[in-house]
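Below is one structure; the comments refer to it alone.
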Amino acid sequence: MSNPIVICQSGGKFTTASDGSLSYVGGDAHAISVSRETQFDDLRAEMADMWKYGADSMTIKYFLPNNMRTLITISSDKDLQRFLDFHGNSVTVDVFVIKNENSTALASVMPSTTGALITTPRKRASRKRLVQTETPLNVTPVAAAPAPVPTPAFLASAPASENAGRFNTLAATAGEIQSVGQLKRVKLWENCITGLHQQFNNVREVRDALRKYSIAQGFTVKFKKNDSMRVSVKCSVDGCPWRIFASRLSTTHLFRIKRLNEIHTCGAGTGTDSHPRASKKVVEGIVKEKLHDNPNVKPKEIANQIQQEFGIELRYSQVRRWMEAATEEIQGSYREAYNQLPWLCEKIVETNPGTAVSLNTREDLRFHRLFVAFHASLHGFQSGCRPLLFLDTMSLQSKYQSELLTAAAVDGNYGIFPVAFAIVDVVNDDNWHWFLVQLKSALPTLQPITFVADRQMALGQSISVVFENSYHAYCLRYLAEELKRDLKGPCIHEIIGVIIEHLYDAAYAPTLDAFRKCIESIRSISPEAYDWILQSEPTHWANSFFEGARYNHITSGIAESFYSWLTELTALPVTKIIDTIRHKLMELIYTRKVDSDQWLTRLTPSVEDKLQKEIHKAQSLQVMFSPSNTFEVQDFLGAVNVVNIDAWDCSCREWQLNGFPCSHAVAVLQHIDRDLYDYCSKFYTTEAFRLTYSESIKPVPTVDKPAPQELSEVRVLPSPLRCISGSPKKRRIRSRGVVKRPLHCSRCKGEGHNKVSCNVAY
């Protein structure tokens with residue numbers, strides 16, 4: 001099978017012959033070669049460059065062999081391979097590059113088959129049917145379409161089924177013209193359905209074409225069949241013979257109209273019908289389809305898309321309510337998901353032995369809290385991670401009260417390594433204490449652990465009680481927020497940024513002298529801030545005072561990089577949240593395990609890079625010889641630091657804080673011909689990193705998952721409904737609310753008002 005020469009044509013137009021075949025007239029042509037190795041993206045980029053089009057603003061089409069009536073679209077690598085299959089024996093093949101703004105106009109020249117046999121509709125037994133009147137939405141209607149050009153009528157009886165299933169309703173819109181753009185769009189929608197044998201790329205294109213066509217023609221359709229294999233619709237008016245049946249072509253995703261009757265006896269498209277407004281079912285169907293295509297789409301984005309495509313204005317609350325209903329239909333019931341938690345917990349432990357799971361309910365069976373720590377995470381933390389855990393919390397998007405508590409570590413390559421998480425109904429001292437108790441039970445270690453967390457007294461007490469001989473480092477970000485909240489006085493907002501910068505410098509300062517220098521700078525700016533900092537227990541957040549080992553990590557938000565995607569997801573049932581986290585952990589462990597297999601260095605890449613920088617800085621240092629293991633190191637400015645290689649200690653304290661030799665220690669070790677890697681923490685080695693990710697999380701099969709109706713006994717009820725107005729909260733939960741900055745008057749320097757409302761005379 002040879003590679004055909006592809007003749008790319010663009011700039012012309014299609015014309016329809018009397019027999020219904022299409023021909024391309026005008027434009028320019030270029031020839032390129034396409035092989036089996038050619039990727040669609042590369043082909044599209046080459047054609048876009050050829051015609052100076054945007055890659056996303058054009059469509060590539062071609063004809064099948066011996067068929068000049070149907071244009072086929074190339075939109076993926078599979079489409080490109082099928083194109084080569086169809087034309088593998090051809091020497092040359094014509095391909096047409098069409099700009100997207102002209103793609104709809106192309107539909108107007110696609111022929112309706114004129115040789116089909118006109119038959120009479122089958123008579124059906126009349127029966128009374130209760131029709132529910134739908135209240136129209138208060139929307140901005142799209143213009144009513146002008147009368148279409150008459151087209152031949154074709155009759156085909158869609159396969160009737162007594163079990164047709166649920167009917168989805170699409171209603172039309174009409175009203176005053178809102179813009180020229182909407183009028184043009186609706187006029188083009190008249191040609192979304194062009195005739196028998198019309199072809200579509202997938203089932204979504206069929207549904208979209210039917211929706212737009214019904215809106216443009218001003219009638220209502222009902223789906224009799226609507227699945228991935230076939231779509232059968234009829235006019236909703238009793239007795240009207242208009243019908244369409246389309247089905248998927250075998251071995252492809254292409255859909256084709258197989259049977260069509262374009263006769264309307266209800267007055268659609270003639271200007272005699274009442275042109276009903278868009279019903280709720282119409283918009284609900286649109287919202288559901290858009291949510292299915294993009295689960296992470298935002299309500300405002302859907303509202304804007306519907307406004308642009310259909311001219312329908314929707315409120316945020318409407319779209320959000322429909323999105324919740326559609327999500328529940330797609331993902332499952334939020335309420336029933338809580339009752340499936342006992343089954344899920346059993347399955348997790350069964351498929352992942354060694355995993356710690358604990359589920360608690362309140363006296364009334366309402367959900368209280370759930371703790372999960374996978375065996376792979378526990379093993380990885382104990383085998384290859386530093387004894388350092390970051391505690392944090394964030395709010396989950398859910399219709400029920402649910403918050404996420406997390407405990408995460410850092411691997412040898414400075415990557416986040418989640419160890420345990422819990423879903424609780426509310427963040428409070430009791431739930432945090434319970435979380436730490438479960439974590440202690442899952443981590444039976446006597447090694448002291450440093451916890452980086454918010455400065456909550458109750459949390460600090462829980463850490464000291466549950467994990468004896470451990471350390472509590474305050475998260476500096478929370479500390480800075482408290483400082484911003486507590487500082488008062490005129491013009492404080494102008495200097496708070498500088499104060500916070502000095503606060504961070506003081507936290508990172510390795511020595512007591514450097515710390516004092518930073519806070520003295522703060523005192524010169526604000527004595528109140530200086531006093532506040534001295535009373536904030538620097539022993540828990542400043543490197544120069546802290547007794548534990550936190551490896552220079554001063555904030556607890558490191559887990560945000562992993563869990564932040566949860567806040568971007570639409571609301572999920574609680575079982576889906578747990579399963580989504582499990583999938584993310586599985587992917588994380590597998591990816592990093594594969595990546596580390598390619599490493600050839602003794603240390604992880606990040607630490608190897610840091611060590612090389614210290615080696616470079618050590619070249620300008622001078623080592624004073626000493627017969628003992630303590631050395632003096634002098635820099636080019638004459639400053640002297642003392643290094644003790646046996647104690648892994650340097651007076652600059654960078655070696656102790658980071659866990660690998662500082663430039664002074666590197667100079668000494670090279671001077672006495674010692675191996676630098678022997679003086680690096682074992683947690684930074686490639687071997688320790690591979691041990692961290694040596695265990696994997698096993699899949700949890702759902703084949704035997706009980707259906708909601710099979711769960712006769714209610715074991716877990718949902719937590720109380722969350723009271724939210726407007727957009728759901730996405731910010732992380734803070735232990736103490738951040739108060740808005742009070743108003744300050746620039747005229748009288750008073751608080752509570754500004755100069756506009758000031759009563760002091762000029």
Side-chain angles (χ1 to χ4, degrees), residues 64 67 69-73 75-76 78-79 82 86 107 110-113 116-124 129 151-172 189 191-217 219-264 268 281-282 284-293 326 329-330:
L64 294 173
N67 182 350
R69 296 187 178 189
T70 306
L71 281 168
I72 308 300
T73 302
S75 59
S76 65
K78 288 185 178 179
D79 291 342
R82 294 192 191 103
F86 295 148
M110 291 293 289
S112 297
T113 305
L117 177 64
I118 301 179
T119 61
T120 306
R122 292 183 299 173
K123 293 184 178 181
R124 303 179 67 178
R129 185 162 58 97
T151 53
F154 305 97
L155 173 67
S157 56
S161 172
E162 294 300 327
N163 298 318
R166 196 167 44 188
F167 284 15
N168 292 330
T169 304
L170 293 178
W189 288 352
N191 298 311
C192 286
I193 303 297
T194 59
L196 200 63
H197 303 306
Q198 182 181 354
Q199 196 156 287
F200 304 87
N201 287 325
N202 50 56
V203 68
R204 289 194 299 274
E205 285 192 7
V206 179
R207 296 166 183 157
D208 185 59
L210 286 168
R211 178 179 296 119
K212 293 177 178 178
Y213 181 77
S214 66
I215 290 176
Q217 295 289 349
F219 71 99
T220 304
V221 300
K222 285 189 176 181
F223 283 93
K224 298 182 63 180
K225 297 290 183 182
N226 187 15
D227 53 44
S228 61
M229 297 298 296
R230 55 188 174 172
V231 175
S232 176
V233 296
K234 65 183 288 290
C235 181
S236 62
V237 178
D238 288 337
C240 182
W242 187 92
R243 282 178 173 78
I244 284 182
F245 176 78
S247 62
R248 198 174 82 177
L249 302 180
S250 59
T251 71
T252 73
H253 291 288
L254 301 176
F255 266 70
R256 179 178 293 169
I257 295 178
K258 301 291 185 64
R259 291 188 286 274
L260 169 64
N261 180 2
E262 292 184 314
I263 295 176
H264 271 292
K281 287 188 177 181
V282 176
E284 284 178 4
I286 298 173
V287 171
K288 181 179 178 181
E289 189 170 316
K290 291 186 177 296
L291 186 63
H292 187 274
D293 293 340
E329 184 176 339
I330 295 171

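Applying the salt bridge (Lys or Arg N to Asp or Glu O under 4.0 Å) test to R82 and every residue at least two apart in sequence or in another chain returns D79. Every residue two or more places apart in sequence or in another chain that forms a side chain to side chain contact (heavy atoms under 4.5 Å, CB included) with N201 is listed here: T73, E205, L254.
Judged purely by atom type and a 3.5 angstrom limit, S236 uses its side chain to pair as donor or acceptor with the backbone of T220.
For the residue pair A209 and C192, the shortest heavy atom distance occurs at O-CB, 3.7 Å. Heavy atoms only, all atoms of each residue included: G195 and I257 are closest at O-CD1, 3.7 Å. Heavy-atom minimum distance, C240 versus I263: SG-O, 4.2 Å. Contact detail for I193 and F200: the closest heavy-atom pair is CD1-CZ, 4.2 Å. Nearest heavy atoms, F219 versus C235: CD1-SG, 4.2 Å.
Of the inter-residue distances, the one linking Q199 atom CD with R256 atom CZ reads 4.5 Å to the nearest 0.5 angstrom. One distance of note links CD1 of I244 with CG of L210; it measures 5.5 Å at 0.5 Å rounding.
Between W242 and Y213, the ring-plane angle classifies as parallel under the 30° and 60° cut-offs.
Residue S247 is tested with K225, R230, R259, K258 for a side chain to side chain donor-acceptor pair (under 3.5 Å); the sole match is K258.
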Mind running side-chain contact (heavy atoms from CB on, under 4.5 Å) on V203 and R248 for me, showing each step along the way?
CA-CA 8 Å; V203 68; R248 198 174 82 177; over 6 Å; no

